[in-house]
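What follows is a set of notes on a single structure, which appears directly below.
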Amino acid sequence: MLPKNDRNICFALVSVFLLLTACAGPDVASGIYDPFEKENRRTHEVNLALDRALLRPSSGAYGTILPKPVRNGIGNFSSNLSMPSIVLNDLLQLQLGDAIHNTARFLVNTTLGLGGMFDVATKGGIAARSSDFGETLHVWGFKEGAFVELPVLGPSTTRDTIGGVVNLILDPVGQLVASNNRGIVTAVSAASSLGDRYQYTDTIDSILYESADSYAQARLFYLENRRFQLGISEGEDDDLYDIYGETYE
Amino acid sequence: MTSMISTVKLMNRLTSRRGFITGTAACLALVATPALAFSTSQAKALIGAAVKDINAIINSGASESVMLRKFENVFTNYADVERIGQLVLGPDGRSASAGQKRAFEKAFKTYISRKYGRRFREFIGGRVEVNSAKAVKSYYEVKTTAHLQGESPFSVVFVVADANGRFIDMKIEGISLIKAERSEIGAMLDKRKGNLDKLIADLKTMG
């Protein structure tokens, strides 16, 4: 009999595979597949209201009260805590080079960077090579699925939503940190997100509050940027630069 | 609480931590097919010149209004703004008169340089670096990397049309200006019940 924790993980993984095989979608990730648009738009309105009432003001306060070096330290510390999970995903994707690279980064920042507060690794040429379980699923051949806007979490796809859940379950830091310290990890991660919201406030505000259709912009930005990260080149772009199907002159 | 904050994820992605520098030599080795009017090295040189101008503007220390005007000049000098306007208007432009199209392109140019010029302002103290170019069908993709102060470097790809050697799109970390603005302009037209003249009038004050 497996320990309870491991049984939970097994159960989660089996559920993931069932869900993934159930979620249909286009074979090649291109264009926009948004069968839940009506529900997504409703969620988007709620997220906008949350941002306006809570996130935006608190990030403003956070950014004003804490000086930049402190915010950077918190951001670095949080990013360092995510490295073990990234290395695990590198291994699951058989990206051994990235796994070694990110491990080196983690070791350097944890020691020389005083527990991850200083990102000395990037200065030394070992910038993070990000990854997550959504990418692992992509590497394993699972399709992107439908676009979804998650409550509070924002834009995603069915594949990335499942990836996010598995990421939380498989996170080595989450497994190792004693349960009474997990609150600290969560707080650091929350603070780091506030810092991001503050740092990019102009850009985020322009997308969320100045565009004619902020839902459509957020959806497009998420999908295009995600595909770019995953190295998917779109077949759809073939005629992007033609007008009414004519080729250029 | 973590979850509450993650609308921001989008922005993390926008300024994704991973740099994007590819082997210049390999891409340059690609020889343009004879049918193409320009060459990869010419496309690269064009973007090199545009980037030089952009770098000069963002480090000039000029006032915002002066910088915005200069950014508009970069668009005029290096971009095929007419084509960008047509691509952005898409099928909605099919029924437009020649005069409406011209008026739209003019209004769009001001709107776009104001909107993207303001974004470039965040580049102050940074620099853009041209990496490589390759021919794709009837255009070239020129890859550049933006290095901003206190940020991880990110990718900006310029799409240069072979027909006239001007750029017709810019992709920031994979996000295409043409696609983003086509979606925006479409939404603006819908809000105005398809009234193009009203959109043209409003565009002049937006961005």
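It should be emphasised that the depicted structure is a prediction, and the values quoted were computed from it without experimental measurement. Lettering of chains follows the sequences in order, A, B, ..., and the numbering in each one begins at 1.
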Item to check | Reported NZ-to-CD distance for the pair B:Lys171 and A:Glu224, which is rounded to 0.5 angstrom | outcome: 7.5 Å

Checklist entry - Which atoms form the tightest heavy-atom contact between A:Asp213 and B:Ala187, and what is the distance? => result CB-CB, 3.6 Å

Checklist entry - Between the side chain of B:Glu173 and the main-chain N/O of A:Phe228, is any donor-acceptor distance below 3.5 Å? => result no

Checklist entry - Just how far is it from atom CZ of A:Phe221 to atom OG of B:Ser183, taken to the nearest 0.5 Å? => result 8.5 Å

Next on the checklist: Nearest 0.5 angstrom please: A:Leu223 CG to B:Ile175 CD1, how far?
Outcome noted: 10.0 Å

Next on the checklist: Using a 6.0 Å cut-off, check whether atom OH of A:Tyr62 has over 12 heavy atoms from anything other than its own residue.
Outcome noted: yes

Checklist entry - When rounded to the nearest 0.5 angstrom, what distance separates CZ in B:Arg182 from CG in A:Leu240? => result 5.5 Å

Item to check | Under 3.5 Å: donor-acceptor pair, side chain of A:Arg227, backbone of B:Gly174 | outcome: no

Checklist entry - Given the options A:Ser59, A:Ser156, A:Ser211, A:Ser206, which has more heavy-atom pairs under 4.5 Å with chain B than any of the others? => result A:Ser211

Item to check | Exceeds 12 heavy-atom contacts within 6.0 angstrom, atom CZ of A:Arg182 | outcome: yes

Item to check | A:Ala212 backbone acceptor or donor facing B:Glu184 side chain under 3.5 Å | outcome: yes

Checklist entry - Within a strict 4.5 Å, meaning less than it, do heavy atoms of the B:Lys179 and A:Ile32 side chains meet? => result no

Checklist entry - Taking atom CE of B:Met188 as the centre, does the number of heavy atoms from other residues, nucleotides or ligands within less than 6.0 Å exceed 12? => result yes

Checklist outcome for this item: Counting heavy-atom pairs under 4.5 Å with chain A, the top scorer among B:Asp169, B:Ile84, B:Asp190 is B:Asp169

